[in-house]
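Below is one structure, written out as structure tokens; the observations come after it.
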Amino acid sequence: MSTVFNGDETAPFFGFLGAAAALVFSCMGAAYGTAKSGVGVASMGVMRPELVMKSIVPVVMAGVLGIYGLIIAVIISTGINPKAKSYYLFDGYAHLSSGLACGLAGLSAGMAIGIVGDAGVRANAQQPKLFVGMILILIFAEALALYGLIVGIILSSRAGQSRAD
């Protein structure tokens, strides 16, 4: 059985680690943001049930964070095929850094969305004028994850540029 392997044999480990990191950390942020803001919605809904649907925005925004990690994980995993094209340590490190950038940005954004969402929906139940401010803060927190997604795409695109094949 003869298999031809081009590149470094340990490089795919780092690439797959990057794909896993992107998905795991982003989903951790999404889960924390969903849980934390969901607790706020449930607590607020006891006193003001008419505001529950309006207050579901932080839960939805937190859920989107997992999609960012999924996008990067798919991009990375489709770029790892050492039998078709040489895959070197540079490529593995590029994919690892791509996954970590997106995943950790998603984790931090999820934490911010969860904390702001929890406090924001409770405050909105007492003072409806705070809704726009809460939404703006949530948008800026979500932008942090978008920055990680953009940097992850840029870093992932660097893979394959280590040597002229």
Side-chain angles (χ1 to χ4, degrees), residues 3-41 55-121 132-165:
T3 58
V4 177
F5 188 90
N6 296 320
D8 297 311
E9 290 188 11
T10 57
F13 169 75
F14 294 106
F16 287 123
L17 190 63
L23 189 62
V24 167
F25 287 132
S26 290
C27 286
M28 285 174 62
Y32 180 83
T34 300
K36 183 84 170 147
S37 58
V39 166
V41 171
S55 299
I56 209 79
V57 173
V59 175
V60 173
M61 291 181 78
V64 171
L65 300 176
I67 296 171
Y68 297 160
L70 177 66
I71 291 168
I72 290 294
V74 168
I75 289 172
I76 291 172
S77 63
T78 57
I80 303 172
N81 190 358
K83 291 185 180 178
K85 186 177 184 294
S86 298
Y87 193 80
Y88 298 105
L89 282 174
F90 178 89
D91 307 324
Y93 294 150
H95 283 150
L96 176 62
S97 62
S98 170
L100 286 174
C102 179
L104 293 175
L107 177 62
S108 61
M111 293 178 74
I113 289 172
I115 293 168
V116 170
D118 181 23
V121 297
V132 174
M134 177 190 71
I135 295 297
L136 287 173
I137 295 169
L138 289 171
I139 289 170
F140 286 119
E142 183 86 21
L144 298 175
L146 276 173
Y147 300 154
L149 175 68
I150 292 167
V151 169
I153 290 171
I154 292 169
L155 289 171
S156 181
S157 70
R158 297 287 302 165
Q161 299 178 2
S162 61
R163 299 181 186 167
D165 290 325

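Pairs passing the side-chain hydrogen bond (donor to acceptor under 3.5 Å, both in side chains) check and including a residue from residues 19-31, sequence neighbours excluded, do not occur.
Nearest heavy-atom pair across H95 and Y87 is ND1-OH, 2.6 Å. Of all the heavy atoms in D118 and V121, the pair that sits closest is O-CG2, 3.5 Å. Considering all non-hydrogen atoms of both residues, I71 and L149 come closest at CG2-CD1, 4.2 Å. Minimum interatomic distance between E142 and M61 (heavy atoms only, all atoms of both residues): OE1-O, 2.9 Å. A19 and A73 make their closest contact through O-CB, 3.5 Å (heavy atoms, listed as atom of the first residue, atom of the second, distance). In this structure, A145 and L65 approach most closely via the heavy-atom pair CB-CD2, 3.3 Å.
With values rounded to the nearest 0.5 angstrom, L96 atom CG is found 10.0 Å from L155 atom CG. For the atom pair F14 CZ and L17 CG, the distance stands at 8.0 Å (nearest 0.5 Å). Atoms CD1 and CG, from I76 and D91 in turn, are 12.0 Å apart once rounded to the nearest 0.5 Å. Note that the CG atom of L89 and the CD atom of E9 stand 11.0 Å from one another [nearest 0.5 Å]. Rounded to the nearest 0.5 angstrom, I80 CD1 and F16 CZ are separated by 4.0 Å. Separating the CD1 atom in I72 from the CD1 atom in I153 is a distance of 4.5 Å, to the nearest 0.5 Å.
A distance-only check finds a donor-acceptor pair linking the side chain of S157 to the backbone of I154 [under 3.5 Å].
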Please tabulate, one pair per line, all N/O donor-acceptor pairs under 3.5 Å involving side-chain atoms of residues 98-117, not counting sequence neighbours.
from	atom 1	to	atom 2	distance (Å)
S98	OG	G152	O	2.6
S108	OG	L104	O	3.3
S108	OG	A105	O	3.0

